[in-house]
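Taking it in order: structure first as structure tokens, then the write-up.
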Amino acid sequence: MEEDEIVREDINKVAFLGSDYPIEKISQQFSSTFTVIPSTVPFFGENSGEISLLGIHKATAIEKIIQHLDINKENTFAFGDGLNDIEMLSFVQYGIAMGNANDEVKRAAADITDRHDEDGIYNSFKKYGLI
């Protein structure tokens, strides 16, 4: 398949689960055109992840939303636990990693809350006076 045939305006991300093809090979083959992010969810399997358009991620979406809604970036919060959350956590004012996030995600965050199954978001909302 030619490169111009695999880039489409109506698709911005593809997730793959439990591929028989190693994630390293997928990354090598597509990283010049796409962002390849391995999944951090063990249940999905070793060779799972997502492929998205270069430069398009959760932070670009948040930037568009805050511009459209005329919200100050100082009032932005994001919670994440996966490698696909790193740009988002770095972009917002309060990037908060879940306690179950891997170390790379935690390093990108400004704060770390409890695990998702320990009321992490609720606890963080209380900490920051959001509730």
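Bear in mind the structure is a predicted one, so any value in this text is a computation, not a measurement. One is the number of the first residue; the rest follow in order along the sequence.
How far NZ of Lys13 is from CG of Asn84: 5.5 Å, rounded to the nearest 0.5 Å. For the atom pair Met98 CE and Lys106 NZ, the distance stands at 10.5 Å (nearest 0.5 Å). Considering OG of Ser90 and NZ of Lys58, their distance stands at 13.0 Å, rounded to 0.5 Å. How far CD of Gln29 is from OH of Tyr21: 5.0 Å, rounded to the nearest 0.5 Å. Atoms NE2 and CD, from His68 and Glu63 in turn, are 14.5 Å apart once rounded to the nearest 0.5 Å. How far CE of Met88 is from OG1 of Thr60: 11.5 Å, rounded to the nearest 0.5 Å.
A donor-acceptor contact shorter than 3.5 Å links the side chain of Asn102 to the backbone of Glu104. Not one N or O on the side chain of Asp85 forms a donor-acceptor pair closer than 3.5 Å with the backbone of Gly95.
Side chains of Ile62 and Val92 form a contact here, defined as non-hydrogen atoms less than 4.5 Å apart. Within the 4.5 Å cutoff, no side-chain heavy atoms of Asp117 are placed close to those of Asn100.
Residues Val105 and Ile112 fall into different hydrophobic clusters, defined by Ile, Leu, Val, Met, Phe, Trp and Tyr side chains chained together at heavy-atom separations under 4.5 Å. Note on Phe16 and Phe44: separate hydrophobic clusters, where clusters join Ile, Leu, Val, Met, Phe, Trp and Tyr whose side-chain heavy atoms are under 4.5 Å apart, directly or indirectly. Both Tyr94 and Tyr122 sit in one connected hydrophobic cluster of ILVMFWY residues. Membership requires side-chain heavy atoms under 4.5 Å apart, directly or through other members. At a threshold of 4.5 Å between side-chain heavy atoms, the hydrophobic network of Ile, Leu, Val, Met, Phe, Trp and Tyr places Phe79 and Ile86 in two separate groups. Ile96 is connected to Leu130 through a chain of hydrophobic side-chain contacts under 4.5 Å among Ile, Leu, Val, Met, Phe, Trp and Tyr, so both are in one cluster.
Within a 6.0 Å radius of CD in Gln93, other residues, nucleotides and ligands contribute more than 12 heavy atoms. Crowding of Lys126 atom NZ: a count of heavy atoms from other residues, nucleotides or ligands under 6.0 Å not exceeding 12.
Nearest heavy atoms, Ile66 versus Lys73: CD1-CB, 4.1 Å.
Remark: the Tyr128 side chain and the Asp111 side chain contain an N/O donor-acceptor pair separated by less than 3.5 Å.
Between Asp81 and Arg115 no salt bridge is recorded (no basic side-chain N to carboxylate O distance below 4.0 Å).
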Evaluation steps, side-chain contact (heavy atoms from CB on, under 4.5 Å), between Ser19 and Ile26: CA-CA 10 Å; Ser19 172; Ile26 293 169; 4.0 Å; yes
